[in-house]
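The shown structure was predicted, so the numbers you read here are calculated from the model rather than taken from an experiment.
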Amino acid sequence: RGLVVCSCGSTGRIPRSAQLLRRMVEEDIFDFVLAFAGVSTMDAVVVPALNRFVENVYVYDMKMWDALEESFGEDRHALNHSPVLLSFSDFQIDNNKKRQRVVDTRVLAYSNLKDGRPWGLDIFRCFESTCQAPAYNIIFHPQGKQHYGKHWVETKIRYTCLVCKRKVKSIPCPSWIHGARSQNYGRVWYQWPLTPGQQRDIGIMSP
């Protein structure tokens with residue numbers, strides 16, 4: 001039982017909306033809910049990867065997160081167009097050796113420094129508290145040793161803010177951002193929505 005929401009990006013982008021989508025899985029209405037977390041969604045770009053995801057789940061009986069990584073995670077055009085939110089249930093064995101249904105909500109994203117999306121986060125903000133310029137007003141570059149393969153997320157970045165002119169160097173990837181299993185460079189995932197502490201890691205100051 002699954003629900004796919006092909007609507008504007010705010011459906012998966014706004015924390016309150018993401019929490020409501022998750023609730024449908026927590027209340028066992030669906031086993032998974034898939035939505036998009038970008039600014040907009042173009043059906044022609046995301047449908048090919050979406051078809052592969054559905055095939056992976058219902059034809060090849062793959063676990064839902066694995067199915068997402070092997071569909072959207074392998075389609076750079078779709079993932080570069082919009083991050084994908086997946087709220088899904090799985091069964092785990094607890095300490096009493098009983099099966100427990102657990103629910104997780106993650107976003108799979110594509111890291112693109114040239115487009116202002118470090119680690120797939122276009123919600124990144126300038127660290128200067130009096131500035132808080134959005135990512136599209138910031139120029140990002142990798143810095144220092146370049147890591148490749150499954151360790152590529154260890155590469156640090158630097159940025160120059162076009163608004164306040166501040167330059168920040170040697171920014172490490174936050175520990176809550178994980179490199180996706182995909183063999184392709186640039187895929188990351190993280191739990192969603194972000195906590196206030198995680199938001200501060202990427203420059204978002206609480207009002």
Side-chain angles (χ1 to χ4, degrees), residues 2-15 17-18 21 30 32-88 104-125 134-142 146-155 157 159 173-174 176-194 202:
L3 174 66
V4 175
V5 184
C6 286
S7 63
C8 67
S10 58
T11 304
R13 190 179 182 86
I14 299 174
S17 176
L21 294 175
F30 297 106
F32 73 87
V33 174
L34 184 149
F36 297 93
V39 176
S40 63
T41 304
M42 294 180 59
D43 291 351
V45 179
V46 301
V47 164
L50 180 58
N51 287 339
R52 288 193 294 275
F53 169 75
V54 172
E55 183 180 47
N56 287 343
V57 172
Y58 291 105
V59 177
Y60 299 112
D61 198 27
M62 294 176 62
K63 289 190 174 183
M64 283 161 276
W65 184 254
D66 294 341
L68 190 74
E69 286 194 310
E70 294 197 15
S71 53
F72 283 91
E74 302 296 334
D75 190 329
R76 182 177 63 84
H77 298 290
L79 202 58
N80 192 42
H81 172 65
S82 175
V84 185
L85 175 146
L86 183 67
S87 188
F88 62 100
D104 197 2
T105 303
R106 303 177 182 178
V107 164
L108 182 67
Y110 182 73
S111 181
N112 189 329
L113 296 183
K114 291 182 179 180
D115 285 350
R117 279 181 281 125
W119 308 300
L121 294 161
D122 62 356
I123 58 174
F124 191 102
R125 296 270 181 168
Y136 57 77
N137 281 330
I138 300 174
I139 299 176
F140 298 92
H141 294 284
Q146 302 290 300
H147 296 268
Y148 299 95
K150 62 181 180 181
H151 298 293
W152 72 267
V153 292
E154 297 175 18
T155 301
I157 67 171
Y159 80 73
C173 177
W176 45 268
I177 297 177
H178 311 277
R181 191 185 61 182
S182 168
Q183 296 300 312
N184 294 312
Y185 174 87
R187 280 68 168 173
V188 295
W189 68 268
Y190 37 86
Q191 258 86 25
W192 190 261
L194 301 183
I202 57 173

Test item: Pro174 and Trp119 side chains (from C-beta on) under 4.5 Å apart, heavy atoms | yes
Can you name the nearest heavy-atom pair linking Val57 to Phe32, along with the distance?
-> CG1-CE2, 4.4 Å
Heavy-atom pair of closest approach, residues Leu68 and Leu86 = CD2-CB, 4.0 Å
Euclidean distance, Tyr110 OH relative to Asp115 CG, rounded to 0.5 Å | 9.0 Å
Would you say the side chain of Cys6 lies within less than 4.5 Å of the side chain of Leu50, judging by non-hydrogen atoms?
-> yes
Rounded to the nearest 0.5 angstrom, the CD1-CZ distance for Ile202 and Phe124 is 7.5 Å
In terms of side-chain geometry, is the basic nitrogen of Arg187 or Glu74 positioned less than 4.0 Å from the acidic oxygen of its partner?
-> no
Can you find a pair of side-chain heavy atoms, one from Arg117 and one from Ser111, that are under 4.5 Å apart?
-> no
Arg106: salt bridge (Lys or Arg N to Asp or Glu O under 4.0 Å) partners, not counting sequence neighbours = Asp104
Can you measure from OH (Tyr159) to CD1 (Ile138) and round to the nearest 0.5 angstrom?
-> 5.5 Å
Give a yes or no on this: more than 12 heavy atoms of other residues, nucleotides or ligands lie within 6.0 Å of atom OH of Tyr58.
-> yes
Give, for atom CE of Met42 and atom NE2 of His81, the distance between the pair rounded to the nearest 0.5 Å.
-> 6.0 Å
Pairwise distance CG(Leu21) to OG1(Thr105) - rounded to 0.5 angstrom | 8.5 Å
Sub-3.5 Å donor-acceptor pair from the side chain of Ser71 to the main-chain atoms of Arg52, do we have one?
-> no
Could I get the full list of ring-ring contact (aromatic ring centres under 6.0 Å, His included) partners for His77, not counting sequence neighbours?
-> none
Do the side chains of Asn112 and Arg76 get nearer than 4.5 Å, heavy atoms only?
-> no
Closest approach of Leu85 and Ala18, non-hydrogen atoms and distance?
-> CD1-CB, 3.8 Å
What heavy-atom pair brings Pro142 and Thr155 nearest, and what distance separates the two atoms?
-> CB-CG2, 4.1 Å
Ignoring hydrogens and angles, tell me if any N or O in the side chain of Ser17 forms a donor-acceptor pair with the backbone of Gly12 under 3.5 Å.
-> no
Kindly give the heavy-atom pair with the smallest separation between Ala109 and Tyr190, and that separation in Å.
-> CB-OH, 3.8 Å
How close do Cys173 and Val153 get, heavy atom to heavy atom, and via which atoms?
-> CB-O, 3.1 Å
Beyond-backbone contact of Val188 with Trp152, side-chain heavy atoms, under 4.5 angstrom = yes
Please identify each residue that fulfils ring-ring contact (aromatic ring centres under 6.0 Å, His included) with Trp189, with sequence neighbours left out.
-> Trp65, His178
Could you check if a side-chain atom of Val46 sits within less than 4.5 angstrom of a side-chain atom of Phe72, using non-hydrogen atoms only?
-> yes
So, Glu69 side chain and Arg181 main chain: donor-acceptor pair closer than 3.5 Å or not?
-> yes
Separation of Leu194 CG from Leu121 CG (nearest 0.5 Å) = 7.0 Å
